[in-house]
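All remarks here apply to the structure that follows.
Along the sequence shown, the residues carry numbers beginning at 1. Since we're looking at a predicted model, the values are computed, not measured. In each ligand, atom 1 is the first atom listed, and ligand 1 is the first ligand listed.
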Amino acid sequence: MSLAKPDLSGRLALVTGASRGIGYQFALQLAEAGAEVIAVARTVGGLEELDDSIKEKGGKCTLVPLDLKDLEGIDRLGGVIAERWGKLDILMANAGVLGTISPVGHVKAKTFDELMTVNLNSVWRLIRTTDPLLRQSDAGRAILMSSSVAHSARAYWGPYAASKAAIEILGRTWAAETEKTPLRVNNVNPGATRTHMRAQAMPGEKAESLPTAQETASKIIPLTSPELTQTGMLWDVPTQSWQNYHLPS
Ligand code: NAP
């Protein structure tokens, strides 16, 4: 895959978790490439900062302060996009929470349920509401954020890892169902990145040694290119390579 910045002029993108971290930088870079951005998160301050940065560069942004636990709110957002724009070109399902790092049997039910609602149920609701809109695009692109722990069964990361493994299979299924359309759907492992979530997961770590959110986002942006051919695959940012899945026979 060419890592050149795509030209996204005239394209409409929806980014969740756009108030900070990888989502914020991804939204900004989409706008820099010419896309109009619909930015979703709860923290209005972070969204407004993004809006200012995008407008400073002459870009266009619509802010949607929304808690993704409000699943009907996601359905309504799809309806608003359909009414106002009639299509969507890019979906970046990026928002996520870590939950608690603890033995799987010690996780509180409320924590588990909230994590699954934000990390998984909201992604399925996003898929459901944006699928018809992305199919209206001549080159719809969907990116679902995963993590290396989806494949590693790392001790104490159970709920988060399970949510990411489930996202990957949802993404692959969606890709299989849309293979013969222009829509391309891929999962992404962003790799360790200097963000709020990483600091929460690894409090003792020297963050300066990690890639910034800006660097990580720049290595995911090419997946939004209208020229992209891959679908149903995992883009691994640390190795900058496509990981193929074994397809059922
Ligand atoms: P982050 O800095 O903590 O940002 C998370 C984003 O998700 C924020 O914008 C947050 O916005 C949003 N979010 C969380 N709960 C939400 C809710 N209930 N409703 C709406 N938005 C919500 O994390 P990050 O490191 O950039 O992570 C981005 C993605 O990459 C996540 O899916 C994460 O699992 C994945 N990832 C990250 C790393 C890493 O090392 N950083 C590694 C592997 C995978 P508000 O709080 O404003 O709502």
Side-chain angles (χ1 to χ4, degrees), residues 14-29 37-51 61 63-74 76-77 91-101 110-111 113-123 125-126 142-152 154 157-168 170-171 186-203 205-220 223 234-239 243:
L14 171 61
V15 182
T16 67
S19 60
R20 62 169 186 265
I22 300 169
Y24 179 105
Q25 294 297 333
F26 192 81
L28 188 55
Q29 291 178 30
V37 175
I38 303 168
V40 179
R42 291 168 302 178
T43 310
V44 173
L47 289 177
E48 285 178 349
E49 201 183 299
L50 173 70
D51 190 46
C61 184
L63 304 183
V64 182
L66 176 70
D67 187 334
L68 291 168
K69 293 197 286 301
D70 174 5
L71 300 173
E72 280 78 32
I74 297 173
R76 284 195 298 276
L77 175 59
L91 167 67
M92 169 48 127
N94 161 80
V97 290
L98 185 65
T100 46
I101 304 290
K110 188 169 183 279
T111 307
D113 289 347
E114 279 191 13
L115 182 146
M116 285 298 169
T117 304
V118 176
N119 286 13
L120 181 61
N121 297 11
S122 83
V123 172
R125 293 292 267 252
L126 279 166
I143 301 166
L144 311 183
M145 279 298 241
S146 185
S147 162
S148 62
V149 296
H151 303 263
S152 63
R154 186 187 297 169
W157 287 62
Y160 176 80
S163 72
K164 295 300 188 183
I167 284 173
E168 289 198 16
L170 270 184
N186 290 292
N187 298 308
V188 167
N189 167 31
T193 303
R194 201 188 311 169
T195 66
H196 173 85
M197 183 186 284
R198 180 72 191 184
Q200 192 191 345
M202 304 283 179
E205 186 176 55
K206 277 198 179 136
E208 312 82 66
S209 61
L210 298 175
T212 62
Q214 187 179 17
E215 286 163 343
T216 296
S218 72
K219 291 175 182 152
I220 306 172
L223 271 68
L234 175 70
W235 174 245
D236 186 61
V237 172
T239 56
Q243 313 281 312

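Here's the thing with Arg20: one of its N/O atoms is less than 3.5 angstrom from an N/O atom of ligand 1. Between Asn189 and ligand 1, no N or O atom pair is found at a separation short of 3.5 Å. In terms of polar-atom proximity, defined here as any N/O pair under 3.5 Å, Ile22 does make such a contact with ligand 1.
Under the side chain to side chain donor-acceptor pair (under 3.5 Å) criterion, Ser148 pairs with no residue, sequence neighbours left out. Among residues two or more places apart in sequence or in another chain, the side chain to side chain donor-acceptor pair (under 3.5 Å) test is passed with Asp236 by Asn189, Thr239.
Heavy-atom minimum distance, Ala165 versus Ala150: N-CB, 3.7 Å.
In this structure, Leu66 counts as a contact residue of ligand 1, since one of its heavy atoms falls inside 4.0 Å of the ligand.
Of all the atoms in ligand 1, the ones that sit under 4.0 Å from a non-hydrogen atom of Ala192 are 40 (O). Atoms of ligand 1 lying under 4.0 Å from at least one heavy atom of Val97, given by number and element, are 14 (C), 15 (N).
Counting heavy atoms closer than 4.0 Å to ligand 1, residue Val118 contributes side-chain atoms (C-beta onward) but none from N, CA, C or O.
Checked for salt-bridge contact, Glu72 and Arg76 miss the test: no charged N lies under 4.0 Å from a carboxylate O.
Shortest contact from atom 34 (O) of ligand 1 to any protein heavy atom: Tyr160 OH, 2.5 Å. Of all protein heavy atoms, the one lying nearest to atom 28 (C) of ligand 1 is Asn94 OD1, 3.1 Å. Protein heavy atom closest to atom 41 (N) of ligand 1, with residue, atom name and distance, is Thr195 OG1, 3.0 Å.
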